[in-house]
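If you're wondering where the values come from, they're calculated on a predicted model, not measured in any experiment. Below, read A as the first sequence line, B as the second, and so on, with proteins coming before strands; counting in each chain starts at 1.
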2 protein chains.
Amino acid sequence: MRESGNAQAKPYHHGDLSRALVEAARRILEAEGAVALSLRAVAREAGVSPAAPYHHFKDKTELLEAVAHGGWDALSHAIIEARRTAASPGEALESIGLAYVHFALQNPALYRLMYDTSRDRMAMPAHIKEEESGYSEVQCALVAAGADPNDDRELQLATIASWCAAHGLAEMCNFEQFRPLKEAMGGDEAFLRGVLRHFGTFSLAGLHGKR
Amino acid sequence: MRESGNAQAKPYHHGDLSRALVEAARRILEAEGAVALSLRAVAREAGVSPAAPYHHFKDKTELLEAVAHGGWDALSHAIIEARRTAASPGEALESIGLAYVHFALQNPALYRLMYDTSRDRMAMPAHIKEEESGYSEVQCALVAAGADPNDDRELQLATIASWCAAHGLAEMCNFEQFRPLKEAMGGDEAFLRGVLRHFGTFSLAGLHGKR
DNA sequence: AGATGATGTTGACACCGTTCAGATGCACGC
DNA sequence: GCGTGCATCTGAACGGTGTCAACATCATCT
């Protein structure tokens, strides 16, 4: 029995702990940062003993991967939404780039966790490259912006380049070194667009240009 | 006394522990990865008690920052060297990009540590932006490749864009999703050059192009 | 009803970062 | 030359962590 004495106080075993643990982890991640995200703290937050998670995840790592998985879903969704609501197909790329960076800035701990676990496995979660996911959305936006959909190799390279560039920008965009430039440009938004403009043009240049 | 029994075996107090600790940390980092990099393990490796480091670094974090600092120096050096030995000024950018990614691939744990500590402080170490450092080298390479040295704002944006792109590529380039494309292109090197080619052209496009 | 298996708890182990009181030995004033 | 001061190192301790084995509890199937 815990704080709620009236409703149903701590059912038989728990219900579904897996989900509760992942949610607890995300709550801790956003409220107190990655440094406070211990398995014991998650168990505590979910109102359960420190060993309980081991019946649902073989590892702390496995729990974190589940949390990261949710993050990738959210990011994919943000990308899809950005392309859908872009002013014109030609501007979809910039729209996606902005949405991507905004996601990273609004969920910094989660974003970092996503790439930490990905790098450990040397792979993004599989569903990111399937249909209707973030990756294919970028590909579509590139085509909409003028890329040749028949040259698969160049299209893939451009997609990868775009993704890498957005990732790098997302991770570095609030480094202190950039502050003077940001202020000179009148704010973060202008700065982001400025850098993204380079990314936006590069893809087309790379696809259309010589060689 | 440690492995070297003849020279001077464990001097008075130690000699200079700071340096020894940083070197021990780097050894552990490369041999066993970041997960094994505990303060106690570093002290153990340096042949000293677990509390000894606290007379030289106020924190584990401070030690790690010292290690990362050395990494930034090495990276800067690699960049300078890459530009110096480039076949032609116009190819300096691609040369730098390759050197950057190679550095990250050859020192993965160190590279990751460098950005982890940087993100925690939301800043790169200050000396990376000074003269004769990596950042200014990229800027020079951009100018050599045709960028307008008088438009400072665009030049800065291009430099940042290049850096972000290289960083993203360095972190993601051995994700498993890219393996088929790599094989189709005949190896990692070709793949890297393929993506870098997009980066290389983008900067110029961004600098010369409309808007 | 009784066995079974999934799920939760308790207690333990080794390790971690950090602190503090005390030992150690170099450097310097007399 | 020698004692004193001070930076440095050690040892033991505290609370926290990930993980595991042994035990408890409950849902369900026969």
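When the P atom of dC15(C) is taken as reference, atom CD of Glu45(B) falls 17 Å away, rounded to whole Å. Rounded to an integer number of Å, the gap from Asp16(B) CG to dC26(C) C1' is 15 Å. Here the P atom of nucleotide dA22(D) and the NE2 atom of His55(A) are 13 Å apart, to the nearest Å.
The shortest side-chain heavy-atom distance between Phe103(A) and Met114(A) falls under the 4.5 Å cut-off. A 4.5 Å side-chain heavy-atom check between Pro53(B) and Leu17(B) finds every atom pair outside the cut-off. With a 4.5 Å cut-off on side-chain heavy atoms, Gln177(B) and Met124(A) count as touching.
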Evaluate the salt bridge (Lys or Arg N to Asp or Glu O under 4.0 Å) criterion for residues Glu189(B) and Arg193(B): first the C-alpha distance (whole Å), next the side-chain angles of each, then the deciding distance (0.1 Å), finally the verdict. CA-CA 6 Å; Glu189(B) 189 78 14; Arg193(B) 285 186 187 275; 3.7 Å; yes
Test His56(B) against Glu62(B) for side-chain hydrogen bond (donor to acceptor under 3.5 Å, both in side chains), laying out the working first. CA-CA 9 Å; His56(B) 302 267; Glu62(B) 203 169 280; over 6 Å; no
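Residues Asp116(A) and Arg121(A) are not paired through a salt bridge, judged by the lack of any N-O separation under 4.0 Å between the basic side chain and the carboxylate.
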Pairs: protein N or O with nucleotides 17-21 of chain D N or O, under 3.5 Å:
from: dT17(D); atom 1: OP1; to: Ser38(A); atom 2: OG; distance (Å): 3.1
from: dT17(D); atom 1: OP2; to: Arg44(A); atom 2: NH2; distance (Å): 2.8
from: dG18(D); atom 1: OP1; to: Leu39(A); atom 2: N; distance (Å): 2.7
from: dG18(D); atom 1: OP1; to: Lys60(A); atom 2: NZ; distance (Å): 3.2
from: dG18(D); atom 1: OP2; to: Leu39(A); atom 2: N; distance (Å): 3.0
from: dG18(D); atom 1: OP2; to: Arg40(A); atom 2: N; distance (Å): 3.0
from: dG18(D); atom 1: N7; to: Arg40(A); atom 2: NH1; distance (Å): 2.4
from: dG18(D); atom 1: O6; to: Arg40(A); atom 2: NH1; distance (Å): 2.9
from: dT19(D); atom 1: OP1; to: Asp59(A); atom 2: OD1; distance (Å): 3.0
from: dT19(D); atom 1: OP2; to: Tyr54(A); atom 2: OH; distance (Å): 2.7
from: dT19(D); atom 1: OP2; to: Lys60(A); atom 2: N; distance (Å): 3.0
from: dT19(D); atom 1: O5'; to: Tyr54(A); atom 2: OH; distance (Å): 3.0

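For DNA chain C, no neighbouring residue in residues 26-34 of chain A is found when judged by any heavy atom under 4.0 Å.
No close placement of the Phe178(B) and Trp163(A) rings is indicated, their centers lying 6.0 Å or farther apart.
Ring pair Tyr100(A)/Tyr111(A) is perpendicular by interplanar angle, where above 60° counts as perpendicular and below 30° as parallel.
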